[in-house]
Amino acid sequence: MKNELHKDVESILVSEEEIKEIIDNLSSQINKDYNGEELTVIIILKGSLIFASDLIRMLDMPVSIEFMRVSSYGAGTSSSGFINIKQDVECDIEGKNILIIEDIIDSGNTLYKLKEVLSERKPKTCRICTMLDKPERRVADVDVEYQGKVIPDEFAVGYGLDYNENYRNLKYIGVLKKEVYTK
Ligand code: IMP
Ligand code: MG
């Protein structure tokens with residue numbers, strides 16, 4: 001292994017192979033549920049970018065893509081309970097089927113607030129698809145319609161997920177060594 005990033009990874013949480021299976025499962029469910037109806041996906045930057053790009057290529061309805069950037073974490077490893085919208089969608093979502101694509105749900109605070117904000121704009125439907133879920137850490141009671149994999153309370157990096165903007169380009173999802181973020 002040449003990649004320098006591997007040395008900070010304690011163990012592999014989701015392998016490349018398992019990521020493919022997760023995407024196959026989620027896309028089948030989504031294709032079945034929307035049954036050809038148009039869908040607007042909102043990709044939550046930056047962490048969901050890689051997951052979303054793989055997922056949406058497996059969808060078979062007409063899909064349009066929007067991006068949002070919301071801050072919750074800063075440089076640390078726990079959420080702050082409010083969101084700050086740093087970049088908003090460019091379209092009017094009223095009457096549209098909205099699917100929010102998120103990398104991971106931890107406390108649930110980010111998505112709880114985001115769903116609240118987007119629902120006020122009167123979409124036809126507004127659902128959430130997350131690749132990973134850490135239910136042990138949940139604080140906000142948010143409904144998640146599509147959930148890739150439940151993981152334990154560990155700090156995950158790779159496949160879009162970062163710590164301090166690093167590790168997003170790992171092809172798998174791993175547990176970050178504690179010594180890296182307690183330094
Ligand atoms: P929540 O508001 O606590 O649910 O935080 C959700 C956001 O925190 C996610 O979109 C991630 O950006 C970040 N996050 C939560 N857990 C992890 C993790 O294990 N690794 C990397 N980012 C995480
Ligand atoms: Mg994120």
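First listed ligand is number 1; within each ligand, the first listed atom is number 1.
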For ligand 1, does D103 get within less than 4.0 Å through its side chain, its backbone, both, or neither, judged by non-hydrogen atoms?
side chain
Under a 4.0 Å heavy-atom limit, does E154 contact ligand 1 with its side chain, its backbone, both, or neither?
backbone
[X]: numbered ligand 1 atoms lying under 4.0 Å from its heavy atoms:
X	result
I104	6 (C), 9 (C), 10 (O), 11 (C), 14 (N), 15 (C), 16 (N), 17 (C), 18 (C), 19 (O), 23 (C)
K134	16 (N), 17 (C), 18 (C), 19 (O)
D162	21 (C)
E102	10 (O)
T110	1 (P), 2 (O), 5 (O), 6 (C)

With a cutoff of 4.0 Å, is G108 in contact with ligand 1, counting heavy atoms of the residue only?
yes
Between L161 and ligand 1, is there a nitrogen or oxygen pair with a distance under 3.5 Å?
no
Can you find an N/O atom of A156 closer than 3.5 Å to an N/O atom of ligand 1?
yes
Would you say [X]'s side chain and [Y]'s backbone share a donor-acceptor pair under 3.5 angstrom?
X	Y	answer
S27	D24	yes
E66	E90	yes
E145	I128	yes
T130	D133	no

Check the pair D103, Y159 against side chain to side chain donor-acceptor pair (under 3.5 Å), reporting the backbone distance first and the verdict last.
CA-CA 9 Å; D103 48 5; Y159 196 66; over 6 Å; no
Angle class for the Y172/H6 ring planes (parallel below 30°, perpendicular above 60°, tilted otherwise)?
parallel
Looking at Y163, is R168 sitting on its ring face, NZ or CZ under 6.0 Å from the six-membered ring centre and within 45 degrees of the normal?
no
